[in-house]
Amino acid sequence: MPTTQATELVKVVVSLVNGEPAFNYLNSEGQQYDGDVTVTQAETITYQLIDDTGRGLKFASAGFLTPFDGVIDSVEVSSDGMQLQMIDTDQTPGTTKFQFILTNNNNSLMLISPDPQVKNEPK
């Protein structure tokens with residue numbers, strides 16, 4: 001997977017609460033937060049999936065509400081589906097909202113996350 005100038009790691013923890021998927025986000029220090037990322041320079045945002053559901057979740061992709069806004073330049077998923085990288089050259093100011101799309105081992109249905117966002121603040 002390509003890397004740019006800086007990197008940021010976000011852990012995406014998916015668990016089951018009363019049988020329903022729940023998403024939590026951990027920063028690189030392991031602290032829980034809302035999952036939003038603010039970018040101030042070109043970087044690769046790496047999302048690492050932690051599947052606490054026992055359902056064999058894997059990243060399939062990310063879906064964007066505004067895929068042509070230029071905030072995120074590209075998305076790549078690792079071959080094992082456990083990491084998703086967003087390449088952001090931080091050339092376009094603004095905020096983009098997206099949802100992770102995940103597959104599972106139980107059926108052919110896709111799981112969609114709540115919408116974290118990336119905000120570009122070019123210098």
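This one's a predicted model, so the numbers in the text were calculated from it and none came from an experiment. Position 1 is the first residue of the sequence, and the numbers go up from there.
- With a 4.5 Å cut-off on side-chain heavy atoms, Val118 and Ile45 count as touching.
- When hydrophobic clusters are built by joining Ile, Leu, Val, Met, Phe, Trp and Tyr residues whose side-chain heavy atoms come closer than 4.5 Å, directly or via intermediates, Met82 is not grouped with Val13.
- For Asn106, there are no side-chain hydrogen bond (donor to acceptor under 3.5 Å, both in side chains) partners two or more places apart in sequence or in a different chain.
- Between Val10 and Asn27, the closest side-chain pair of non-hydrogen atoms is not below 4.5 Å.
- Contacts of Lys11 classified as side-chain contact (heavy atoms from CB on, under 4.5 Å), with partners at least two apart in sequence or in another chain: Leu9, Leu26, Gln48, Ile50.
- No donor-acceptor distance shorter than 3.5 angstrom exists from the side chain of Gln31 to the backbone of Glu29, with no hydrogens or angles considered.
- Atom NZ of Lys58 and atom CG of Asp80 lie 7.0 Å apart (nearest 0.5 Å).
- One N or O on the side chain of Asp73 and one on the backbone of Thr89 form a donor-acceptor pair closer than 3.5 Å.
- Taking each heavy atom of Asp88 and Val71 in turn, the nearest pair found is OD1-O, 3.1 Å.
- A 4.5 Å side-chain heavy-atom check between Leu49 and Gln83 finds every atom pair outside the cut-off.
- Of all non-hydrogen atoms in Pro116 and Ser113, the two that sit nearest each other are CD-OG, 4.2 Å.
- The side-chain hydrogen bond (donor to acceptor under 3.5 Å, both in side chains) test applied to Asn18 returns no partner, not counting sequence neighbours.
- Within the structure, the ring-ring contact (aromatic ring centres under 6.0 Å, His included) test picks out no pair touching residues 104-123 (sequence neighbours left out).
- Remark: Ile112 engages Gln99 in a side-chain contact (heavy atoms from CB on, under 4.5 Å) (not counting sequence neighbours).
- Scored by the ring-ring contact (aromatic ring centres under 6.0 Å, His included) test, Phe59 finds Phe100 as partners (sequence neighbours excluded).
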Return a table of donor-acceptor pairs under 3.5 angstrom between the side chains of residues 60-68 and protein atoms on other chains or two or more places apart.
from, atom 1, to, atom 2, distance (Å)
Thr66, OG1, Asp69, OD2, 2.7
Thr66, OG1, Thr96, OG1, 3.4

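- To the nearest 0.5 Å, the span separating CG on Leu111 from CZ on Arg55 amounts to 11.0 Å.
- Put simply, Ile101 and Leu57 are part of two different groups of oily side chains (I, L, V, M, F, W, Y) that touch within less than 4.5 Å, one to the next.
- With no hydrogens or angles considered, a side-chain donor-acceptor pair links Thr46 and Gln85 at under 3.5 Å.
- Residue pairs meeting the ring-ring contact (aromatic ring centres under 6.0 Å, His included) criterion with at least one partner in residues 7-36, sequence neighbours excluded, are absent.
- Among residues two or more places apart in sequence or in another chain, the side-chain contact (heavy atoms from CB on, under 4.5 Å) test is passed with Asp34 by Asp36.
- Looking at heavy atoms from C-beta onward, Thr103 lies in side-chain contact with Met110 at the 4.5 angstrom threshold.
- Applying the ring-ring contact (aromatic ring centres under 6.0 Å, His included) test to pairs two or more places apart or on separate chains, none has a residue in residues 104-123.
- Under the salt bridge (Lys or Arg N to Asp or Glu O under 4.0 Å) criterion, Lys119 pairs with Glu121, sequence neighbours left out.
- With sequence neighbours excluded, the residues forming a side-chain contact (heavy atoms from CB on, under 4.5 Å) with Pro122 are Asp90, Pro93, Asn120, listed by chain and number.
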